[in-house]
Amino acid sequence: MSSKEGLLTILKKADGGFVSGQSISAALNVSRTAVWKGVQSLKEDGYSIEAAPGVGYRLLSVTEKLLASEIGPRPPESFGHVVHHFDKIASTNLAAKRYALDGAAHGTLIVAETQTGGKGRLGRTWHSPEGGIWISLIARPKISVNEAAKFTPMTTLAVALAIGKAAGLEAMVKWPNDILVNGRKVAGILTEMGAELERVSFLVIGIGINVNLSASYLPSELEGKATTLMDEMGAKVDRARLLRAILDEIDLTYARFLKGEYLAILDELKAVSATLGQTVTAVSGSKKVSGQALGFDELGGLLIGLSNGTIETVYSGEII
Ligand code: BT5
């Protein structure tokens, strides 16, 4: 733990009370000047700290930013145990791919307060104003290329469950990668990969969630289609808490995947699916398939029952 992290831990433990500079410097084994410098640095990160001469320091409020100090510490190997934070970046998925190619560890998290070139699937734009959660995770599972498709359904389930737990809203999954609240899109997942021949060398799992922003900040063409957690709750959501809940759910889901429980995960996904049981039209490239959404196959493909009694499986695309 760095002395800055140590300082923050001490201030947080004091629960809004004053801690003397002397006791902090003794506990961290650093000079009083180093303590003062640490306080200035925390203030630059957005922490509000009162300094009372002769009394000490106290934490008035934590930063609004999704900094490592608010996300962790997390156990080694877990998602989010390494954090790269950016105030502004083109795309966290793009950055994550660069980190992964440079050898970044499994579990590395890239987080941005805002994205200027956020990406959806197939070259689409993902609007990412301030107030959302825009993150990418690097995963290094030992899997074959065709198994990579399993990570989108696993992540949608984890994110939907975390939104339920941390925000108390019922989140549903619209196949294949949308999270809906009250029928409107609140989040999307973009899974990308780097591979060598048949083996995956890394996955980048991008997650975008509209949290503390009003849907009116999104382009007008999304009116009626997109929503935000703040709009649905009528109040702001603790973003750091929600992000920790997401990382916890993804850790659990990933551990289950490694134990061979993928089919059980897909079963759970059925319970929060906004698609199954509906009459749907799935568009995949130039192909259109209409019928009854019946279930998922073992990779997460959507089984559609056609009017002629046959079943077709659609692996990518969307429901219109
Ligand atoms: C997605 O694509 O839904 C995947 C979105 C992934 C975004 C994250 S943010 C962090 C990470 N870094 C990135 O660069 N990307 C990931 P798709 O299913 O293709 O949906 C894209 C469509 O959703 C757009 O064409 C719009 O219609 C709509 N859309 C764009 N921004 C939105 C927003 N903020 N909220 C709701 N809908 C949006």
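Note that the structure is a prediction, hence the values are computed from the model and not measured. Order of listing sets the numbers, starting from 1, for every ligand and every atom in it.
- Using a 4.0 Å cut-off between heavy atoms, Gln115 contacts ligand 1 through its side chain alone, with no backbone atom that close.
- Counting the atoms of ligand 1 from 1 in the order shown, those under 4.0 Å from a heavy atom of Lys119 are 5 (C), 6 (C), 7 (C), 13 (C), 14 (O), 15 (N), 16 (C).
- Nearest to atom 23 (O) of ligand 1 among the protein's heavy atoms is Lys185 NZ, 3.5 Å.
- Close approach to Ala226 involves these atoms of ligand 1, each under 4.0 Å from a residue heavy atom: 36 (C).
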Side chains of residues 43-58: which donor-acceptor partners sit under 3.5 Å, not counting sequence neighbours?
residue	atom	partner	partner atom	Å
Asp45	OD2	Lys4	NZ	2.8
Tyr47	OH	Ser69	OG	2.7
Tyr47	OH	Glu70	OE2	2.5
Glu50	OE1	Arg58	NE	2.8
Glu50	OE1	Arg58	NH2	2.9

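- Listed by atom number, the atoms of ligand 1 under 4.0 Å from Gly118 heavy atoms are 14 (O).
- Applying the salt bridge (Lys or Arg N to Asp or Glu O under 4.0 Å) test between Glu318 and each of Arg121, Lys288, Lys287, Lys185 identifies Arg121 as the sole match.
- Listed by number with element, the atoms of ligand 1 under 4.0 Å from a non-hydrogen atom of Asn210 are 33 (C), 34 (N), 35 (N), 36 (C).
- Using a cutoff of 4.0 Å between basic side-chain nitrogens and carboxylate oxygens, Asp248 and Lys165 are not scored as salt-bridged.
- Contact annotation: for Ile189 versus ligand 1, heavy atoms closer than 4.0 Å belong to the backbone alone.
- Under the 4.5 Å side-chain criterion, counting only non-hydrogen atoms from C-beta, Val19 is in contact with Leu11.
- Here Leu94 has no heavy atoms under 4.0 Å from ligand 1, in either its backbone or its side chain.
- Nearest protein heavy-atom contact of atom 8 (C) of ligand 1 is Gly208 N, 3.6 Å.
- Below 4.0 Å from some heavy atom of Thr125 lie the following atoms of ligand 1, by number and element: 24 (C), 30 (C).
- Under 4.0 Å from ligand 1, the heavy atoms of Leu222 that appear belong solely to its side chain.
- When Ile209, Leu190, Asn177 are checked for heavy-atom proximity to atom 1 (C) of ligand 1, Asn177 turns out nearest.
- Contact check for Leu229 versus Asn212: no side-chain heavy atoms found under the 4.5 Å cut-off.
- Under the side chain to side chain contact (heavy atoms under 4.5 Å, CB included) criterion, Asn29 pairs with no residue, sequence neighbours left out.
- Of the candidates Ile143, Leu137, Ile189, Phe151 forms a side chain to side chain contact (heavy atoms under 4.5 Å, CB included) with just one, namely Ile143.
- The two residues Glu64 and Arg239 have their closest heavy-atom pair at O-NH2, 2.8 Å.
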Between Lys65 and Asp87, is a side-chain contact (heavy atoms from CB on, under 4.5 Å) present by the stated rule, with each step listed?
-> CA-CA 8 Å; Lys65 293 184 183 180; Asp87 283 334; 3.1 Å; yes
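- Atoms of ligand 1 lying under 4.0 Å from at least one heavy atom of Thr92, given by number and element, are 10 (C), 11 (C), 12 (N).
- Between His106 and Phe79, the angle of the ring planes lies from 30° to 60°, which puts this pair in the tilted group.
- Contacts of Ser136 with ligand 1, taken as heavy-atom pairs under 4.0 Å, involve the side chain alone.
- Nearest protein heavy-atom contact of atom 38 (C) of ligand 1 is Trp126 CZ3, 3.4 Å.
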Salt bridge (charged side-chain N to carboxylate O under 4.0 Å, His left out) between Arg124 and Glu221, worked out | CA-CA 14 Å; Arg124 294 178 191 136; Glu221 74 256 22; over 6 Å; no
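- With atom 34 (N) of ligand 1 as the reference point, the heavy atom nearest to it among Glu221, His127, Arg124 is part of His127.
- Contact annotation: for Ile135 versus ligand 1, heavy atoms closer than 4.0 Å belong to the backbone alone.
- Taking each of Arg121, Lys225, Glu318, Glu192 in turn, the one with a heavy atom nearest to atom 2 (O) of ligand 1 proves to be Arg121.
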